[in-house]
Amino acid sequence: TNTNKRLSSFEMTTNNIKRSASLKLSTSLASTDNKIQTRAQGRQYKILGNFQLLAGRVSDALNSFNEAVILLYRVRDLLWLGSALDGVAICAVILSYLQMPFKIPHIVALICPMESPNNSIEALSPRNSLTNSVQSPRNSLTLATSEANIDVDMSNLPVLVKAILDKALHYYDESLSHNSEYAPQIV
């Protein structure tokens, strides 16, 4: 009987270990699935932005590119993030040419800080927009309010576009070091 108790105790411990390992595996698979889902959704927004831009719906394209930037930044999908930032810059140039008012999302201001001519970092707006962002425990940025968007005027547009495109080039360069995601040699 004592041996049966030991055996059942051993079996219970083994089952607990198996259950614990199973829970850890399912948790890691769930987080991997969530990351894959977020990446796919970000890529879909980026492609939707491309189609909207081709159709002449520039404001809608800017919104789609903004959503793509937020999602792709969260999962560190660098190649697609760089491409989404390209789309944001293109939309900004077109909308400013058409003299239509638009706002750049706060995350773009965080990712692509603008440099003024005297090489200091310049804020995109006079208010302190950093108070509108929240740092989550997983080091991903979330926007606390929709008012975190930045108004863009013609005076800082060239600096903004340069900052966005510099960051896009940085992400393209970083993506070359990842074996799973690569850019073709001729684009």
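- Follow the hydrophobic side-chain contacts under 4.5 Å out from Ile107 and you reach Val161 in the same cluster.
- In terms of hydrophobic clustering, with Ile, Leu, Val, Met, Phe, Trp and Tyr side chains grouped at heavy-atom distances under 4.5 Å, Leu48 and Val58 are assigned to different clusters.
- In this structure the side chain of Phe102 reaches within 4.5 angstrom of the side chain of Ile104, judged on heavy atoms.
- Here the straight-line distance linking atom CD of Gln52 with atom CG of Asn63 works out to 8.0 Å at 0.5 Å rounding.
- Minimum interatomic distance between Gly49 and Ala61 (heavy atoms only, all atoms of both residues): O-CB, 3.4 Å.
- Contact annotation: the side chain of Asp166 never approaches that of Tyr171 to less than 4.5 Å [non-hydrogen atoms, C-beta and beyond].
- Because its NZ or CZ atom is both nearer than 6.0 Å to the ring centre of Tyr73 and within 45° of the ring axis, Arg76 counts as a cation-pi partner of that residue.
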Verdict with supporting geometry, Ile47 and Trp80, side-chain contact (heavy atoms from CB on, under 4.5 Å): CA-CA 10 Å; Ile47 291 170; Trp80 286 76; 3.8 Å; yes
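- Note that the CD atom of Glu174 and the CG atom of Leu79 stand 12.0 Å from one another [nearest 0.5 Å].
- The nearest pair of heavy atoms linking Asn66 to Lys103 is ND2-O, 4.4 Å.
- Considering every non-hydrogen atom in both Ala84 and Ala68, the closest pair reads CB-CB, 4.0 Å.
- Heavy atoms only, all atoms of each residue included: Ile164 and Val88 are closest at CD1-CG1, 4.0 Å.
- Once rounded to the nearest 0.5 Å, the distance linking CG of Leu165 with CG of Leu160 reads 9.0 Å.
- Taking all atoms of both residues into account, the shortest heavy-atom contact from Leu72 to Arg39 is CD2-O, 3.9 Å.
- When side chains are defined from C-beta on, Asn50 counts as touching Phe65, because their heavy atoms get closer than 4.5 Å.
- Note on residues 80-95: no pairs pass salt bridge (charged side-chain N to carboxylate O under 4.0 Å, His left out), not counting sequence neighbours.
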Leu81 vs Val75, side-chain contact (heavy atoms from CB on, under 4.5 Å): CA-CA, chis, key distance, verdict: CA-CA 10 Å; Leu81 176 59; Val75 295; over 6 Å; no
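- For the atom pair Leu62 CG and Met100 CE, the distance stands at 10.0 Å (nearest 0.5 Å).
- Distance CD1/Ile36 to CG/Asp77: 11.5 Å, rounded to 0.5 Å.
- Ile90 is connected to Leu54 through a chain of hydrophobic side-chain contacts under 4.5 Å among Ile, Leu, Val, Met, Phe, Trp and Tyr, so both are in one cluster.
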Intermediate values then yes/no, side-chain contact (heavy atoms from CB on, under 4.5 Å), His106 and Leu110: CA-CA 6 Å; His106 185 65; Leu110 290 175; 3.7 Å; yes
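- With values rounded to the nearest 0.5 angstrom, Lys162 atom NZ is found 11.5 Å from Cys112 atom SG.
- Tracing side-chain contacts under 4.5 Å through hydrophobic residues (I, L, V, M, F, W, Y), one never reaches Phe51 starting from Leu71; they form parts of separate clusters.
- Side chain to side chain, Lys46 and Ser83 meet the donor-acceptor criterion of an N or O pair below 3.5 Å.
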